[in-house]
Every structure is written in C-alpha cells, then in structure tokens.
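Note that these values count all heavy atoms, side chains included, but never hydrogens, waters or copies made by symmetry. By convention in this document, chain letters (A, B, ...) are assigned in the order of the sequence lines, proteins followed by strands, and residues within each chain are numbered from 1.
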Amino acid sequence: MARLSIEHLRKTYGDLTVVNDVNIDIADGEFLVLLGPSGCGKTTTLRMVAGFIAPSAGSITIGERSVTTLPPWKRNCGLVFQSYALFPHMTVAENVAFGLEMRKIPPADRAPRVAEALRLVQLAGFDERYPRQLSGGQQQRVALARALAMEPDVLLLDEPLSNLDAKLRQEVRVEIRDLQRKLGLTTIMVTHDQEEALTMADRLVVMEKGEVRQIGTQRELYERPADRFVAGFIGRSAFLDGDIVAPGRFRTKGGVAIGCAAATRIGAATLALRPERIAVGGEADGLHNRFEARVEHASYLGAILEIDVSLSGPDAIDKDRMLLQIPNKAGIAEPKPGETITIGWAEDAGLVYPREG
Amino acid sequence: MTTTRPSLGRIALNAAAGLSLLYILLPLIFVTWLAFFRQEIPSFPPEGYSLKWFSAAANNQPFINGFLLSLQVGVAATLLGLLVGVPASLALVRHRIVLGPLFNTLLLMPLVMPGIVLGTAIYVFQIETEIATGLPVMGSQGGLIAAHTLVVIPWVVRLVTASLVGFDRTIEEAAQNLGAGPFTTFRRVTLPSIRPGIVAAGLFGFVTSFGNLEMSLFLVGPGRTTLPIAILQYLEWKIDPTVAAASLIQIVLIAVAMIVTDRYVKLSRVV
C-alpha cells in the first residue's frame, strides 16, 4: 500500500480539454471517491492513473515511484472494471491467479493466495467455475479478488456497482468498504452515484467539466459547498437568484430583501439553502429571515413533503420560486396550491455564490 | 390459436425448405449412389452394387499424387493465409488505417473474382516474374502455394474480423492491468477469444484451396497436378464411377474434419 499523488494532471484531445489541472493527494489507506456527472473527466483521470491513457501534462506518483510514463503492466494498480472484464476462457481460480502468474510467482505459492483472495470475497469453493456460470454479483467479487490477489499498491474501482441491482449494490458496497478498511488499501473509486459516494468515501472529489470543484469530507461538501455546482450536486439545495446589494444584504430578482452572511462581494449572486434548514410555520417565529410564501405545487413523497413556493407576490417580475422539504410528521396535511405559508431561516443558513450577469 | 393443427403458411414454408434442401443434397446423393454401381457406364437402374471403384480410386496413381499435392498445398496455403490474414484483420479492426475499407475490400477480392480470371492474372504475373528475375516460378509448387494463399486470405479476414468486432477489449486492459505485456496479453487473452474464428478460417481456407480447380489449372506444372485436376483429366478419358468414389472419399474426409473441429470450437457460432 502506498500514498498516491496526482499533480497538475491534464488531458486534451485536440482543442477539447477533458481533464484540466487536477491535483489530488491520497493518503496511505484512504478511500477516495471521484464523483461527478458523466463526462466530467473522472473516468479519464482514473484511466490515467491505471496507465491506459497518457496524460497531456502533469504527473502521477505512487509511493516514491513516479509512474507517469510507465505502461499499465508495470504500475501495480489493481483495477476493477465496470464490466468486470473477467477472462471468459479461464476458471475463477485461473482468473484470480493471472496477476500472480504475471509476477512469476511459482504455482505452489499461488494456490494459497488465490484461496485467500477468494475467501476474502466470500467465494471459497468457486475455483473451478467459469465466469459465465456466475451471477453478476459473483463476477463482481471475482474481479475484486483478482485485483486484490496481486497485492496492488492502489486499488482502482471504475463504477464497480453500476451493473448490479439496487439491493445487491447495497450489500457489495458495505463489503468493499469493510475489505478496504481491513486491508488498509489506498483506493480510488469512480462513481456518478451520490449515495454510493457518500456512504463509501473517506474523502470525496467533486469534478465537473474536467475540473476539480471541491475536495473534502462528506460534511465539508454538504455544509460548505465551494460553489453553486457542488451545492446542487451534493444533496439538494433551493436556489434564489438575485444580487448582493450591500454587505450581508441579498435582494432577489423579485425584489425580496434577505439577510445573509456579511463576507460576500457586491454583485450578481445566487443564494443557496438546504431545504431542511428552512423552517415552516410556527418554527419560523423569531427568525430574522421570515417570509409569507405562496404555495405553487406540493408533492407527497412519503417521508417528506416537497413544496414548491414563491417568495414574492404574484405581481413581481420574478416569482422567486424555491423548493422546501418538510418532514412528514403525523397530522401534517400537504398545503394546497394558492395557500400562504410562513417560512424562515437563519442568516448563516444561506450560502451565497457569485453569479454570471 | 390451436397448436395441434399447423397453419397453411407453416406447411408451405416447410415444403419450400424441404425442396431447397433436396435441391442442394441431390448431387451429393447421386454421387454417393453412383460410387457403389457395379457397371462401368453410369446408367439407371444400376445392374448391381460393388465396392471395386473405391479400390480403383485408392490405387489410381494420379489420384494419389494429386491428393498428396493438394494436401501439401492446402496445408501450406492455409498456414500462410493465417499468418498474413490474422495480423491484417487485427490491423483493420483495431487501428484507423488510411484507406482501411479499401484494403478490407481488396483482401476479400479473391473470393468474388472468377477463378479463371484469377488464374490467368497470376499466370501472366508468374511469366513476367520469371522473365524479370530468372527464377523458376512457372509451374513450381511455391508458385502454386502462393496463389492458393490468395484464396485462403479472404476467409481468414472475413472470419477473424468478425470475431474481433464482437471482442470486448476491456479484458485485454484487465490483463495488462494485472501485469501482462502486449505479447502475453495477445497470447493469453486475445488469441483464445478469437480462436473459433481462426480455426473456422483455417478449415474453410483449406477446403477452398483443396477443391480449387479453375485457378490451379493455369498454375500446375508437368507431372504436378492437384486432385481436382487429376479427376478432371481422368474424366476426359473415362466416366466410370471411380471419380464418384474418389469424390465421396473427399467429401467424407472434409465432413469428418468439420465434425472434429466442431467438437473443439462451435463453428455455428462463427460462420
């Protein structure tokens, strides 16, 4: 196991930049998740670490070893593919032994390591089966065992759970996480599934359009999103567009004045609010930001009620619509469109991001 | 809908299929039948049955020589065809080659070109080569093998590209990730995956070479004839069932080769 450091990593295809100046340091034994929408450059970054894509610039260091120019077969990164990529003509044991064989480990020493790897993924006794005789979840575990058996410096997981059904995904998620902790594996996982990322990671890297938007723990990303994209991508946010008219004074497009944290630049801005930080009805009493909002639409979602409201009156140019989430407590009826409800939030609950034009 | 009474359409379809199959098999049936006739002149009904034509065919020296030559040429051409065709297929499928589709068409060309045309062209080419270099190309076994290689290549390119197109390349990446270099990856992962295509290509290439008549007619030298030519020459003088017996032996040999091959690779999955 080793630490991994990615510095100023960049990949361009002609005029198209798919990864731009990515810097990530991963500690020994850390589980890092690259998260972002499809096309954000997360898979390209992972494939550059594995050696399948040559970076246009930047460097990748595993432990003390610079691997930037090494071919994939000299990197010692165990990669688990989204499609598992098991060798169809080899048995489970032969698949798992392949990496050991490539390392010239004598057959007598391979067997116990194969058995150990299969035991770790709970597939002991499946040695002689062929991949086509296994279920998706079992194939996934063989792929994991194959990567683990060669004792890689880093473990790379490329959307490893996306081909599994929802129930199995939850199980395997926990298994991979436990195994990673137990073995102290430095791990990078790529996913577009937010819940998967949040439950598995020690730290997350949010990427968009080839760039790192923010690196941090779950709490840091949720409480202090670095920009509007992260605020909308990690968890949900209600957004209000408007302007900072004075320090600590936000005015919506519809003309509603809202108090916010003082340390913000004057100019066009977006105010982001976590739906659960918005108090409704009597709970809003005494809050500085307290408004009468008109209900536009209400949805019953089981555990929560989702209510779309507008802050400004029907005559305003912009109605300042925003989304609330209210816990579905006993006795609460969902409000009807046209009704007025009182909402409010603390000044420091709102996060302000500069906005184009 | 009842399942007990087949519809009129179904009956018509089966009848058409049966008729087509009969049309294909009829020559085969007649050749087989004829091989066992006792009389020398093939006429119906047979006067009786005999196995003597099989021993006649097996003891006919031109047939034996032809068979051995066809076998040698077929095997050599098939090996050479694979040696050229497999790398060509890999290049065509995996790399963006300038004029790739054109090369692909060119490599398949010998399959669609009439044998007479191909034979004439190669004949002229060999004459010119011999004049230019002074090497004994004309009528040589090497010249014959080179020409037969040409008719094997299209089969290799067609069947191997087909298996490569459906091949999941991430398993090659997996092998490299596990420490295998490009050559090991090819030998341990790529080759086993396209093996059915290669075996089928070898089989069909060999059969095409073995049965080739038109092209070979131009290229064989004195005292060096392939089996189809030996049969043709025999037919110029006699039409007794020896030829039918020799053909039947050939058909059986090829059928056995196909059945044996099919045990190891499912040909139906490739062709």
Side-chain angles (χ1 to χ4, degrees), chain A residues 43 46-47 49-53 67 70-91 94-105 110 114 117 130-132 139 142-160 163, chain B residues 82 86 89-91 93-98 100 156 159-203 260-271:
Chain A
T43 297
L46 190 82
R47 288 175 65 79
V49 174
F52 294 121
I53 297 177
V67 298
L70 286 183
W73 52 93
K74 289 185 179 159
R75 292 207 178 189
N76 204 31
C77 298
L79 176 54
V80 176
F81 293 81
Q82 186 175 4
S83 58
Y84 319 140
L86 298 178
F87 306 127
H89 57 288
M90 296 185 199
T91 63
E94 285 166 351
N95 265 281
V96 177
F98 192 85
L100 302 173
E101 199 186 328
M102 292 303 120
R103 278 161 187 71
K104 307 266 190 305
I105 290 165
R110 278 179 224 157
V114 169
Y130 281 89
R132 62 175 176 276
Q139 291 186 27
V142 175
L144 189 62
R146 185 174 67 175
L148 294 176
M150 67 177 202
E151 294 176 0
D153 293 327
V154 290
L155 181 66
L156 307 175
L157 308 169
D158 183 9
E159 306 248 8
N163 286 345
Chain B
L82 288 171
V86 172
S89 310
L90 278 167
V93 174
R94 301 216 161 159
H95 301 282
R96 247 187 229 163
I97 296 171
V98 186
V156 180
L159 292 171
V160 176
T161 47
S163 9
L164 279 170
V165 166
F167 176 70
D168 174 16
R169 292 202 70 183
T170 54
I171 70 167
E172 289 183 341
E173 290 187 344
Q176 299 196 345
N177 178 258
L178 292 163
F183 181 72
T184 310
T185 301
F186 181 75
R187 193 172 57 81
R188 295 290 308 275
V189 172
T190 317
L191 210 51
S193 302
I194 60 171
R195 189 158 48 205
I198 291 177
V199 172
L203 188 67
V260 169
T261 312
D262 199 60
R263 274 189 67 103
Y264 295 100
V265 291
K266 283 270 157 262
L267 291 176
S268 53
R269 282 209 309 221
V270 205
V271 188

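Contact of B/Thr170 with chain A is made through backbone and side chain together, with heavy-atom distances under 4.5 Å. Proximity to chain B is limited to the backbone of A/Leu86, based on heavy atoms less than 4.5 angstrom apart. If you measure heavy-atom distances from A/Arg75 to chain B, you find no contacts under 4.5 Å at all. If you measure heavy-atom distances from A/Glu101 to chain B, the contacts under 4.5 Å come from the side chain alone.
Considering every non-hydrogen atom in both B/Ala174 and A/Arg146, the closest pair reads CB-NH2, 3.4 Å. Here the shortest heavy-atom pairing between B/Asp168 and A/Ser83 reads OD2-OG, 4.3 Å.
Using a 4.5 Å heavy-atom cutoff, the side chains of A/Met102 and B/Asn177 are not in contact. Side-chain contact between B/Glu173 and A/Arg47 is present, with heavy atoms from C-beta onward closer than 4.5 Å. When side chains are defined from C-beta on, A/Phe87 does not count as touching B/Arg188, because their heavy atoms never get closer than 4.5 Å.
Between the NE2 atom in A/His89 and the CD1 atom in B/Ile171 there is a gap of 6.5 Å [rounded to 0.5 Å]. Here the CG atom belonging to A/Leu79 is positioned 9.0 Å from the CG atom belonging to B/Leu178, to the nearest 0.5 angstrom.
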